[in-house]
Amino acid sequence: STRHTIVPITLYSITMWSVECYPDPVSDVAYSLSKGKQASVHSSVVLGRVPIRNVLRNADDQQAFQEGQRVARVALSDFVARRISKNSTTVTIDECQVTVEPLDKFLACRTRRGKQKQANGNSYAPFMLERSDVWSHETHLNVIVRVTVVQNDCKGQQFMDVDEKKTSDTTSALDQLVLNAATEFLSSCIINADCSSQIMQHVACAVVQNRLREELKRAGHVAFVADGAILPRKSGASTLPMASPPAIPFEAPKDSPTRQVLTINMGLLTKYIPAGSSSFTTNDDGTSVSFTGLVVPAGITLICGGGYHGKSTLLRCIAAGVYDKIPGDGREYCVTVQDAVTVRAEDGRYIHNCNVSAFISDLPTLPGCKQLNTAEFSTREASGSTSQAANVSEAIEMGASALLVDEDVSAANFMARDGRMRALVMDESITPLLYRVNGMYKTHGISSVVVVGGVGDWLDVPHTVILLNKYVASDATKKAASVSYQFSYNHVQYAGRGVVHRLPWDKEGTPAQRRLTDEYIASYGDNTCVSLMEGGHVVSLHEETDDITAMMDDDDIGCIDMSRCEQLMGKKNQLYACGLCVAWILRAANQNPTLGIKALVTKLEEAMDNTGGLLPLFLQDSSAFQDLTSCMAWVHLVESVGFAYRPRRHEIFMAVTRMRGIRLEALPVIDDGSDAAAQAEEERKKRELAELWNSRRKK
């Protein structure tokens with residue numbers, strides 16, 4: 001299409017912005033703005049690049065910023081993106097209406113149900129996520145914006161006609177207008193003293209969360225919820241904090257080992273830390289700060305309480321703690337280890353070749369049919385229990401260190417079975433999660449944080465119990481142990497394998513690493529496109545020439561439903577990025593056929609880390625913006641959602657395994673002799689035990 005023709009124009013301004021102008025890949029912009037008007041419309045995308053030292057002109061700010069390293073660069077990009085969205089405006093220059101705005105502004109402002117939906121920085125997710133339209137790499141900040149020029153009289157048409165005749169090495173008056181408008185807007189919006197102070201607070205807030213997370217990992221904890229945090233949101237559809245009052249600021253239980261003080265060194269960034277809703281103490285050295293709050297330790301933690309007392313709200317705060325929050329979120333100093341994963345039931349999800357044998361076994365089959373091997377379980381429409389079993393298994397496969405589970409969105413028969421039901425139903429195919437959490441922790445070091453309010457059997461397994469009563473937390477660990485002793489004393493053995501609620505983890509239940517099959521990899525080429533479907537809840541991968549309607553009729557092949565992946569908090573912008581990541585993995589798998597999914601995800605993350613953004617999703621061997629604007633994957637992104645948020649490695653893995661039609665196989669396991677040695681040691685212990693019993697009988 002001629003609208004993708006590249007005619008780069010570069011301008012260096014006195015503010016050290018380097019700007020390049022390209023035709024807008026979204027043709028609907030000019031059409032929409034000119035529809036029904038006697039107007040000439042020109043739309044361009046502009047890349048602006050500026051040294052970070054020019055954004056932070058104060059030497060102290062620059063030095064402190066360097067201490068934040070990559071986290072500081074991501075925070076800077078996030079702040080700039082929000083600033084641009086809030087301050088985008090239309091001005092009149094030389095009888096032209098010139099608008100500079102983010103790439104998603106046009107999409108967000110489309111008419112919806114007769115009402116104009118306003119887009120601004122507040123509509124973005126309250127998390128500091130890497131994004132495709134604003135990114136910082138090493139020493140420079142990169143910004144992509146859209147500039148539209150509207151001229152309402154005949155002079156405007158003459159203006160445009162002259163522009164059509166320009167040569168590739170000549171800057172027309174129109175392009176000069178676009179470049180000047182973009183440069184002036186970016187400079188006034190970002191480069192000023194007031195903005196520099198706000199940037200440093202934004203950066204310090206992100207670095208605090210990152211270093212709190214590092215301290216959690218060092219101490220072996222799972223999560224930290226700071227005193228004073230505002231956990232509830234304004235509504236179920238809002239990401240903004242509820243006003244306080246009526247919201248009750250969180251406070252860790254008094255006189256409890258879960259109430260701890262975390263101290264981190266912030267160096268030169270200490271003076272920039274925003275107060276937020278949570279208080280902190282600056283220590284005498286002037287560089288370290290301390291936060292008091294609830295620590296969720298490693299092991300099995302239960303969050304208990306009555307209905308509507310804040311259990312799920314606390315768990316959602318813990319789930320959101322894997323991301324850095326913006327100042328003012330209310331939970332900005334509540335953090336969780338990066339590889340904590342929410343698992344829930346997903347009725348109808350696609351599963352292929354997943355080892356769920358630790359939870360599902362001896363499934364019933366029709367007469368004459370082969371017994372299903374649940375170590376290689378596959379289904380097109382999983383039930384609640386089998387889907388949640390697969391989610392736990394895949395979390396183990398991907399290397400999660402903690403599972404976050406809410407009974408409200410879990411399969412009841414997967415969570416627990418009481419004694420009466422065990423007595424009635426003797427032939428049960430499901431081993432509940434309740435029986436496995438201790439074995440998982442002992443064998444794999446995987447902690448579990450579980451919200452329970454209706455099944456008392458869970459009180460037999462935890463190391464820590466947090467009780468919520470009218471949104472106030474208390475430590476109920478000792479009381480829970482007492483209740484468990486009264487109701488569960490002398491628990492029966494479970495098939496001779498241990499106490500019914502504390503089964504050891506069987507090695508056969510540990511999932512092996514999987515890879516994409518060669519036949520499946522070959523079915524996707526380099527022209528794989530990504531499309532949003534079903535209102536932005538499903539993403540689809542297909543060849544560019546495919547008929548999407550026909551594809552949907554073909555059992556939704558290539559569709560990825562992540563609507564119930566609760567930590568995909570960047571909404572459709574992050575979902576779209578998951579689709580791009582899957583397309584990248586399909587290409588990489590073709591070049592690296594021996595690598596498993598986990599290794600490919602690691603390879604993708606390294607590529608994105610090295611470029612400081614999402615460029616590897618579009619460009620394989622180039623970082624030139626000119627190549628980016630001619631890349632159809634980028635064009636489709638801009639047309640669909642404007643920009644993409646970078647997803648976590650766990651959400652990328654989830655997207656791959658949920659892709660309908662995908663074919664996976666286990667990687668071959670190299671026998672290092674450890675299995676034989678372990679078996680020999682087990683046999684030796686059995687012989688010693690037998691000899692001990694025999695000697696006692698003789699006496």
Side-chain angles (χ1 to χ4, degrees), residues 298-304 341-345 354-364 374-375 377 382-397 400-465 477 480-481 483-511:
I300 315 304
T301 298
L302 300 186
I303 301 175
C304 302
V341 176
T342 298
V343 292
R344 55 163 292 171
C354 182
N355 185 355
V356 296
S357 61
F359 303 99
I360 311 292
S361 60
D362 300 326
L363 288 173
T374 55
F377 183 73
S383 66
S385 56
T386 54
S387 64
Q388 196 161 3
N391 291 346
V392 173
S393 178
E394 290 173 351
I396 297 173
E397 181 182 350
S401 67
L403 303 181
L404 311 178
V405 187
D406 191 337
E407 68 174 4
D408 285 351
V409 291
S410 296
N413 57 345
F414 179 76
M415 291 294 287
R417 293 177 68 228
D418 62 20
R420 294 180 182 86
M421 192 56 66
R422 288 196 304 272
L424 176 65
V425 183
M426 303 295 292
D427 186 15
E428 173 56 72
S429 302
I430 302 173
T431 301
L433 180 66
L434 168 65
Y435 301 176
R436 291 297 193 191
V437 287
N438 289 103
M440 269 197 300
Y441 178 62
K442 184 176 180 180
T443 303
H444 296 291
I446 299 176
S447 301
S448 297
V449 182
V450 187
V451 166
V452 290
V455 182
D457 284 359
W458 275 94
L459 299 182
D460 300 335
V461 301
H463 303 101
T464 305
V465 178
T477 305
V483 172
S484 174
Y485 182 84
Q486 294 175 44
F487 286 86
S488 309
Y489 184 63
N490 283 334
H491 246 322
V492 297
Q493 294 280 318
Y494 186 78
R497 291 186 288 164
V499 176
V500 66
H501 290 177
R502 294 178 181 267
L503 293 181
W505 184 268
D506 299 325
K507 183 176 180 181
E508 293 76 14
T510 301

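- A side-chain donor-acceptor contact under 3.5 Å links N355 to the backbone of E508.
- Using modelled atom types, no side-chain atom of N391 and backbone atom of V343 make a donor-acceptor pair closer than 3.5 Å.
- In this structure, the separation between CH2 on W458 and SG on C304 is 10.5 Å, given to the nearest 0.5 Å.
- Atom CG in L403 sits 9.0 Å away from atom OG1 in T342 (nearest 0.5 Å).
- The closest side-chain heavy-atom distance from M440 to L433 is below 4.5 Å.
- Remark: the backbone N or O of F377 is not paired with any side-chain donor or acceptor of T374 at under 3.5 angstrom.
- How far CD of E407 is from CD1 of I303: 11.5 Å, rounded to the nearest 0.5 Å.
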Exercise for the section: Check the pair H463 / N438 against side-chain contact (heavy atoms from CB on, under 4.5 Å), numbers first and verdict last. Expected result: CA-CA 10 Å; H463 303 101; N438 289 103; 4.0 Å; yes

Practice task
Evaluate the criterion side chain to side chain donor-acceptor pair (under 3.5 Å) for residue pair Q388 and S410; output intermediate values, then yes/no.
Solution key: CA-CA 7 Å; Q388 196 161 3; S410 296; 2.9 Å; yes

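- Closest of all the heavy-atom pairs between D506 and R436 is OD2-NH2, 3.7 Å.
- Within the 4.5 Å cutoff, side-chain heavy atoms of V392 are placed close to those of F414.
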Below 3.5 Å, can you tabulate the donor-acceptor pairs from side chains in residues 444-454 to any protein atom, sequence neighbours excluded?
unit_1, atom_1, unit_2, atom_2, d
H444, NE2, W505, NE1, 3.1
H444, NE2, T510, OG1, 3.1
S447, OG, G299, N, 2.9

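- Closest approach of A416 and L434 over heavy atoms only: CB-CD2, 3.8 Å.
- Counting all heavy atoms, side chain and backbone alike, A358 lies closest to T431 at O-CB, 3.7 Å.
- Although no hydrogens or angles enter the test, the distance criterion places a donor-acceptor pair under 3.5 Å between the side chain of T386 and the main chain of S383.
- Under the 3.5 Å distance criterion, the side-chain polar atoms of S387 are left unmatched by any main-chain donor or acceptor of A345.
- Between the OG atom of S429 and the CG atom of D362 there is a distance of 6.5 Å, given to the nearest 0.5 Å.
- Heavy-atom minimum distance, D457 versus R417: OD2-O, 3.6 Å.
- Contact between F359 and A389 at its shortest, heavy atoms only, is CB-CB, 3.9 Å.
- Side-chain contact between L302 and L459 is present, with heavy atoms from C-beta onward closer than 4.5 Å.
- Annotation for S393 and C354: closest pair OG-SG, 3.8 Å, computed over non-hydrogen atoms.
- A donor-acceptor pair is defined here as one N or O able to donate and one able to accept, closer than 3.5 Å; such a pair exists between the side chain of D406 and the backbone of D408.
- Atoms CD1 and CD, on I360 and E428 in that order, are 8.0 Å from each other to the nearest 0.5 Å.
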